[in-house]
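Working notes for the structure below.
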Amino acid sequence: MRYSNMFLPTVREVPSDADVISHQLMIRSGLIRKLTSGVYTYLPVGYRVIRKFEQIVREEMNRAGAQEVFMPTVQPAELWQESGRWVHYGKELLRFRDRHDRECCLGPTHEEVITDLVRNEIKTYRQLPRNLYQIQTKFRDEIRPRFGVMRCREFGMKDAYSFDIDSEAADLSYQKMFDAYNRIFARCGLKFRPVEADSGAIGGSFSHEFLVVADTGEDGMVYCESCSYAANLEKAEIARPAEPAPVASAKAVEEVHTPDVRTIEEVCAFLNVTPREVVKTLIYTADGNAVAVLIRGDHEVNEIKVKNLLGCDSLEMAMEDMIVEVANAPRGFVGAVGIRCPVYADYSLIGMADFVMGANKEDHHLRNVNMGRDFSVKAFADLRTIRDEDPCPRCGKTLHFARGIEVGHVFKLGLKYSKAMRAVYLDRNGKEQFMVMGCYGIGIGRTVAATIEQNNDTAGIVWPMPLAPYQVIVTPTNVNDGALAKAAEKLYDSWIARGIEAILDDRDERAGVKFMDADLIGIPLRVTVGPKRLAEGKVEVRFRRTGEVHVLPLDEAVEFVVRAVQDGMKAPE
RNA sequence: CGGGGCGUAGCGCAGCUUGGUAGCGCGCCUGCUUUGGGAGCAGGAUGUCGCAGGUUCAAAUCCUGCCGCCCCGACCA
C-alpha cells in the first residue's frame, strides 16, 4: 500500500480522555475512532490487525475440530425467557421492541441461539460431539465503558460452543479448547497465563480464564512457581488450617461500653487490641434471608465464596433494618452472640480464643468471646480474599501476585442450558439424554489492546510480527529525489511480489515525520532508502523492537526482510 | 445509580470570577526555502461558543431545564 493513499490519521498529541497506554496508542496510531460511549470504529489499519488475530483464532479453532457459523445479532425475547436469562441478565442486555411490538434484544452472547439450533438439528448420539464457533460483534450495555476497546459496549468476540454426550466427553472438548487457547495466545507472542476462575452466573462446574499479564489489567491473579497452581484473585483458595488443640478459655465474657466505636480501626484503638484479635460480623441478604459471616478483623470477605457456599442467586450487604432485626443493634455493634440468623465463619477463626466482637447492643462490644461456648457456627469455610502472605493452597509455597487482562474464558457449562431449553439426544439405548455443553470465549478487540499494552515503548506500538498490520515499511527519505524514489519503488515491488505486506511511504514529508509515524504505528521492519547509503548501492533495514540496524545491498535486503518476516511468524512451540 | 468534572475552529485548550471586540498552540490551504528523527518564513481559511428557554439595551460569560462526554465508586460474562 502506498502511504499517500492510506486512510491512516495519526495524531501527535496524547488524547486527554484515554488513560491506559493501549487506548492512547490505538487512537494516536489511527487504529480506532470512537463513535459514542463504548462504541468504536476500526479504521483500515486497525481492522487489518483485527483480521490478523481473527485468522489465528480461526486456524486454531478449525485445527481443534470446531466449525464456524454466523448467528443473528437480533434475538427474540422468547429464547431468553426460556433459558431464564431474560429476567436474570439485567440491564446489560439491551432490549427493544420491533414494529410489531415484539420484544427483542441485541445478543450479548449466543448460548440461547446456538442451543436452539442444535436442539432442532441434532437428534442422536451419532451426531455428537459437535463444536460450533462464531466470530461476531456482540453488545453488552456496560455500566461504565472504559479503556477504549478493552471494556466497551459493542465488541468483537469469538465464542465456541461444544455439545457432548456426557460429562467425560465434555471434559475432552474442554481440554481441546484449553489447548487451542494456549496456542492462540502463544502465536500472538503474548505473555499470558491460564488461571482457575469462578464460573459465575453462567453456572457450570469449572472454568479457566486466560489473562494477559499487564499492570493495567482489571483482574488480579495469584500463581505458584513451585506447583502449577494459578487462579483469579476472586477464586484463589485458602487452605483450611490444621486443626489446633481445642481452646478452653477460663476468661468470662465481658461487656464493654464503646460509645460511637464502629469500625475495626476504632475498636482496636479504643480497646487497645490488634485487628487479629477482633472478629467482624457481617450481615448479608442471601435470596432475601439474613446470614451472618464471621471473619477476622484484618481480613476481607470474598462475596463470591460466600455466594458459592450458600448456593444462592443473589447476595447483598443487608440493609440497616434487617441488621437491627437479627441483631438488635445497628451496624458497627453486631456480633454472633445471640444473633437470630445462621452463622458462617471463615477458616481463620479456627483456633481463635478470647476475641473481641460486637455485643448486639448499641455502643457496646464484647471481650473474651469464644466459639462453641458463647455461640455456635453453622459451618466453617474459606470465605475471605487471599492476601500476600497466604501460602499456595496446593503446595504451601510462596504465591506470586500479578494483574492481568482477561482475554479468554473457557467454561464447562454442564446441563444448564440443555436442561432449560431441552437440548436432548437419543443415546445408544434409545433413551433421551441432555447434551453436556461448554462455551469458550475470546475477546478479539481486547486481545489486540492487550497486545499493545504488552508491546509498546515511548515511540509507539511495537507489533509482534503475527499481528502486525504490515510487516515492512519502505521509507525513501526524499521522494523528490528520483533515484531514491525509484529504488524504494523497486524494493517495495519485490516484497509485494514475494507476498510480504509492505507500505511504501511515498509522502512528500520530511524523513523525521515518516520515521515518527512508522514507529508510532509499530511496523516491525523499516527499510530506509537514503542518499548516502544508496550511493553505495545499499539501504538500511531497522528492527522496530530492538532498534538494530543492518546496512545491506538492495538485493540482499530483499532476502533479509523476507527471512525476518518468516522468522517473526513462527509460532513458539 | 452515587460523587466529581468537562462541552468555545478538525484536535488540545484560554476567555466566563467582574456581561460589550472570540483568542492561542497544533493541524489545514497557498507560495518560497528546506529535506535522515514530528522544518523555517510569509500569506490565508475555519466558529449556530452542546441544545432550549429566561434575565438584560447587550450573554461564550448570569439563571433554569435538557443532552452528550470523561473520571472515581458501586455493579458485572
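Numbers restart at 1 for each chain; the letters A, B, ... are given by sequence-line order, proteins then strands.
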Next on the checklist: Taking G20(B) as the reference, what is the distance to C16(B) when you measure between their C1' atoms (whole Å, please)?
Outcome noted: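 Roughly 14 Å separates the two C1' atoms.
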
Item to check | Same-atom distance (P) from A52(B) to G15(B), integer angstrom | outcome: 25 Å

Checklist entry - Across all strands shown, which nucleotide pairs with G68(B) by Watson-Crick or G-U wobble geometry, both distances under 3.5 Å? => result C6(B)

Between [X] and [Y]: side-chain donor-acceptor atoms closer than 3.5 Å:
| X | Y | result |
| --- | --- | --- |
| Asp517(A) | Thr10(A) | yes |
| Gln175(A) | Asp171(A) | no |
| Arg387(A) | Thr385(A) | no |
| Arg85(A) | Tyr417(A) | yes |

[X] [atom1] to [N] [atom2]: how many Å, rounded?
| X | N | atom1 | atom2 | answer |
| --- | --- | --- | --- | --- |
| Arg507(A) | A39(B) | CZ | P | 11 Å |
| Glu13(A) | G27(B) | CD | P | 9 Å |
| Glu142(A) | C69(B) | CD | P | 15 Å |
| Asp141(A) | C75(B) | CG | C1' | 13 Å |
| Asp505(A) | G38(B) | CG | P | 15 Å |
| Arg144(A) | C76(B) | CZ | P | 15 Å |
| Lys91(A) | C1(B) | NZ | C1' | 8 Å |
| Gln24(A) | G12(B) | CD | C1' | 14 Å |

Item to check | Heavy-atom closest pair, residues Tyr174(A) and Phe411(A) | outcome: CE1-C, 3.7 Å

Checklist entry - Within the distance-only criterion (no hydrogens, no angle test), does the side chain of Asn5(A) pair as donor or acceptor with the backbone N or O of Met1(A) below 3.5 angstrom? => result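 No; zero donor-acceptor contacts below 3.5 Å.
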
Item to check | Expected output: side-chain Glu266(A) to main-chain Thr263(A) donor-acceptor under 3.5 Å | outcome: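 Flag set: sc Glu266(A) to bb Thr263(A) pair under 3.5 Å.
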
Answer with base, sugar-phosphate or nothing: what part of the nucleic acid does [X] contact at a heavy-atom distance below 4.0 Å?
| X | answer |
| --- | --- |
| Arg33(A) | nothing |
| Met157(A) | base |
| Asp481(A) | nothing |
| Arg446(A) | base |

Item to check | Parallel, tilted or perpendicular: ring planes of His550(A) versus Phe560(A), cut at 30 and 60 degrees | outcome: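 The arrangement is tilted - the two ring planes meet at 30° to 60°.
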
Checklist entry - Which parts of nucleotides 29-36 of chain B does protein reach within less than 4.0 Å, heavy atoms only, written one letter per nucleotide 5' to 3' as B for base, S for sugar-phosphate only and - for none? => result -----BBB

Under-4.0 Å side-chain N/O to phosphate OP1/OP2 contact, [X] with [N]:
| X | N | result |
| --- | --- | --- |
| Ser37(A) | G68(B) | no |
| Arg146(A) | C70(B) | no |
| Lys34(A) | C70(B) | yes |

Checklist outcome for this item: Nearest-nucleotide check on RNA chain B, Asp159(A) vs Met516(A); residue mapping nearer the 5' end is Met516(A)

Next on the checklist: Let me spell it out: for each of Glu303(A) and Val14(A), pick the nucleotide of RNA chain B with the closest heavy atom. Which residue's pick is nearer the 5' end?
Outcome noted: Val14(A)

Checklist entry - Does Arg151(A) make a side-chain donor-acceptor contact with the base of C76(B), cut-off 3.5 Å? => result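 Pair found.
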
